[in-house]
Amino acid sequence: MKSRFAPSPTGYLHIGGARTALFVWLWAKKQQGQFILRIEDTDRERSTQASVDAILDGMQWLGLTYDEGPYYQTDRFDRYKAIIQQLIDEDKAYYCECSPERLQTLRDELMAKGEKAKYDGHCQHKNLISGVVRFRNPAEGNVVFSDLVKGEINVHNKELDDLIIARSDGTPTYNLTVVVDDHDMEIDYVIRGDDHINNTPRQINLYTSLGWDLPTFAHLPMILGSDGARLSKRHGAVSVMAYRDAGFLPEALLNYLVRLGWSHGDQEVFSVDEMIKLFELKNVNKAPGSFNQEKLLWLNQEYIKTADIQHLVDQLDWHLNEQSVDVSQGPDIVKVINALRERSKTLVEMTQGVKMFYQDFDRFDEKSASKQFKPATQPIIEALIAKYTELEDWSSEEIHTIVKQVCEEQGVGFGKAGQPFRLALSGTGNAGSIDVVAELVGKKRTLARLNMALNYITQIDD
RNA sequence: GUCGCCUUCGUCUAUCGGUUAGGACCCCAGGUUUUCAUCCUGGUAAGAGGAGUUCGAUUCUCCUAGGCGAUGCCA
């Protein structure tokens, strides 16, 4: 069994494409079949190598590995040419010299009359030998096919016209190339976005005309933006790689995407293995879905909380490099991640949190500082400095005990000491459990930062 | 315009004729917590509209409306 993902390289791999790729990939994996990647680059005006690279990068990051390919349609022009010639020879296709102007006028007229805008067959029997090549679509009857997600679809041949299969420069067009490729590559399942539903009957006629067996079709609903409009740049990040940059784990994105349009009862979290095991095209929804960043964020946090720690280390590495955070000197990154993982929605947030363990800062967040570093706090900070300077066993337990001691001696609640201490340690006030954080930051840096806080307080005193 | 596809809480969805229409995200309230976060408890919120079939429709049929797609020498 074989299925394929066939993007056209006219931009990066976007969310919708990634979801299609995922479903196709899952279906292939589930059947223990082959997943083929084919680049549909017949439109040479718009196709770029940069886009091909971007698509490949996106798929690699998501872990959607392909068993065959990438095949490029531009490498197969001879084959398409032969098929087109064959169709002409068998009188199943013909040349047409109608000008774009004539065609446009025709469309306008038909539309004005309230009729279907389609080619009128002007050149059908002229026996021309140049121009575009059109496929002779059957005039009667209808095309019926059973779509794995949409069910039975029935289209009258009257609605279809003689579509162009070769441009006037001889290059083949999409509807011809897909059919030839899917046949030659022995694709059993054509799974793609439902914007292709309307092309399917035309393609079926091509298959039939060529005497080829039909693949099974499955048309996936589109992904819309939060406003219900087709997902586009104005909805924010649509490129898959932008999600890596924003600190998402690939498995979180995959999990989000698989649940957008597919479900298995009430289950929300799926490992990739579970997806493969449970995925069914018949459980794919017919209706389009809206992309919802909040839910993705929630899933990302779930994955950050539960992921294998080494995996997290590996994934975080890219962000650490990106932000030039050197973790080779200082506490074990594993411990730092464990201290941070429950409070990070993204790896970018986590990277921010990591900084305080490896980098010194020279100022406190002004808003927090003005609130926390009051003159009344001075004796508390001084007491902490005194006791910590003496502390031999720099462990979270001891650190915690001392905070408690100071609170008792000064007759204040834990928060009165804990809050300023947290701000002194982090500079921002955003940090986890202070004892654990202080242990990881280390004695030297903790004392330095407490002294910095003390300075701050004595300065506002003046 | 014409043709095709689609329509359950704000969002993602469950339901395969009989349910107080369930779950999840978000939001709100309460609890745990040295802040935040995590965690726990609870809450708000839905079958586009109209006919029909049926003892009974969210579920089946039809109509209408709305959305999306196609109508390209794009894919």
Side-chain angles (χ1 to χ4, degrees), chain A residues 6-10 40-43 45-47 73 96 98-100 103-104 107-108 110-119 131-134 147 150-151 153-156 158-161 163-175 177-178 192-202 219 221-222 224 226 228-230 256 259-269 283 285-299 301 305 340-345 349 368 372 400 403-404 407 413-419 421-423 429-435:
Chain A
S8 56
T10 53
E40 309 218 320
D41 54 353
T42 51
D43 182 354
E45 304 268 302
R46 298 197 302 153
S47 302
Q73 293 192 319
C96 165
C98 290
S99 66
L103 262 18
Q104 189 54 52
R107 275 193 286 267
D108 292 345
L110 287 169
M111 226 184 267
K113 278 197 287 183
E115 287 174 32
K116 179 86 180 175
K118 56 174 211 170
Y119 181 59
V132 300
V133 178
R134 288 183 183 270
D147 189 280
K150 303 278 185 176
I153 292 176
N154 192 336
V155 176
H156 293 90
K158 287 190 183 71
E159 301 300 328
L160 276 21
D161 62 1
L163 67 301
I164 293 175
I165 54 176
R167 303 181 181 93
S168 46
D169 66 359
T171 56
T173 61
Y174 168 74
N175 282 299
T177 59
V178 233
R192 74 235 296 197
D194 69 5
D195 47 338
H196 285 295
I197 276 202
N198 295 288
N199 288 323
T200 307
R202 303 168 171 285
H219 288 93
M222 313 247 74
L224 309 177
S226 47
R230 195 174 179 166
Y256 178 74
R259 277 289 287 104
L260 218 191
W262 173 81
S263 61
H264 181 260
D266 286 338
Q267 189 170 345
E268 295 289 348
V269 180
N283 290 339
N285 238 243
K286 293 163 184 259
S290 296
F291 192 82
N292 182 249
Q293 185 112 9
E294 264 81 48
K295 187 150 184 184
L296 207 211
L297 225 34
W298 170 75
L299 268 169
Q301 187 167 24
K305 278 189 306 201
L340 256 29
R341 66 195 304 178
E342 284 202 348
R343 52 209 336 110
S344 307
K345 279 188 158 68
E349 263 183 42
S368 312
Q372 298 298 340
H400 187 248
V403 178
K404 272 202 332 210
C407 288
F414 203 112
K416 283 272 189 273
Q419 284 293 40
F421 189 10
R422 176 174 291 105
L423 177 59
N430 292 324
S433 168
I434 47 169
D435 42 7

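Here is how names work: the chains are called A, B, and so on, in the same order as the sequence lines, proteins then strands, and each is numbered from 1.
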Whether each nucleotide of nucleotides 60-75 of chain B has a protein heavy atom under 4.0 Å at its base (B), only at its sugar-phosphate (S) or at neither (-) is summarised, 5' to 3', as ---------BSSSBBB
Contacts of type salt bridge (Lys or Arg N to Asp or Glu O under 4.0 Å), residue A/Arg46, not counting sequence neighbours = A/Asp43
side-chain hydrogen bond (donor to acceptor under 3.5 Å, both in side chains) filter on A/Asn198, not counting sequence neighbours, yields none
Check the interface with nucleotides 27-31 of chain B: list each N/O to N/O pair with the protein under 3.5 Å, or write none.
none

Can you sort out the partners of A/Arg259 under salt bridge (Lys or Arg N to Asp or Glu O under 4.0 Å), two or more places apart, ordered by chain and number?
-> A/Glu268
For A/Thr10, the side-chain hydrogen bond (donor to acceptor under 3.5 Å, both in side chains) test, sequence neighbours excluded, returns none
Sequence neighbours excluded, which residues qualify as salt bridge (Lys or Arg N to Asp or Glu O under 4.0 Å) partners of A/Asp195?
-> A/Arg230
Is any side-chain N or O of A/Gln267 under 3.5 Å from a base N or O of B/rG23, one able to act as donor and the other as acceptor?
-> no
A/Tyr256 meets the ring pair (Phe, Tyr, Trp, His ring centres under 6.0 Å) criterion, sequence neighbours left out, with A/Phe291
Residue pair A/Glu268/A/Asn292 against RNA chain B: nearer the 5' end by closest nucleotide is A/Asn292
Partner of B/rA75 by Watson-Crick or G-U wobble geometry, both contacts under 3.5 Å, or none?
-> none
A/Lys286 side chain N/O closer than 4.0 Å to the phosphate oxygens (OP1, OP2) of B/rC6?
-> yes
Name the pairing partner of B/rU2, where a pair is Watson-Crick or G-U wobble with both distances under 3.5 Å, or state none.
-> B/rA70
Side chain A/Asp161, main chain A/Tyr119, donor-acceptor under 3.5 Å = yes
With rounding to whole Å, what would you report as the distance between B/rA24 and B/rA45 at their C1' atoms?
-> 14 Å
Name the pairs: protein N/O against N/O of nucleotides 38-40 of chain B, kept only if under 3.5 Å.
{"unit_1": "B/rU38", "atom_1": "O3'", "unit_2": "A/Lys305", "atom_2": "NZ", "d": "2.9"}
{"unit_1": "B/rU38", "atom_1": "O2'", "unit_2": "A/Glu342", "atom_2": "OE1", "d": "3.2"}
{"unit_1": "B/rU38", "atom_1": "O2'", "unit_2": "A/Glu342", "atom_2": "OE2", "d": "3.4"}
{"unit_1": "B/rC39", "atom_1": "OP1", "unit_2": "A/Lys305", "atom_2": "NZ", "d": "2.5"}

Please identify each residue that fulfils salt bridge (Lys or Arg N to Asp or Glu O under 4.0 Å) with A/Asp41, with sequence neighbours left out.
-> none
Partner residues of A/Asp169 under the side-chain hydrogen bond (donor to acceptor under 3.5 Å, both in side chains) criterion, sequence neighbours left out | A/Thr171
Considering residues at least two apart in sequence or located in another chain, which fulfil the side-chain hydrogen bond (donor to acceptor under 3.5 Å, both in side chains) criterion with A/Asp108?
-> A/Gln104
Counting Watson-Crick and G-U wobble pairs only, both distances under 3.5 Å, name the nucleotide matched with B/rU53, or none.
-> none
Expressed in angstrom and rounded to an integer, what is the separation of A/Tyr256 atom OH from B/rC12 atom C1'?
-> 6 Å
Can you tell me if NZ on A/Lys404 sees more than 12 non-hydrogen neighbours from other groups inside 6.0 Å?
-> no
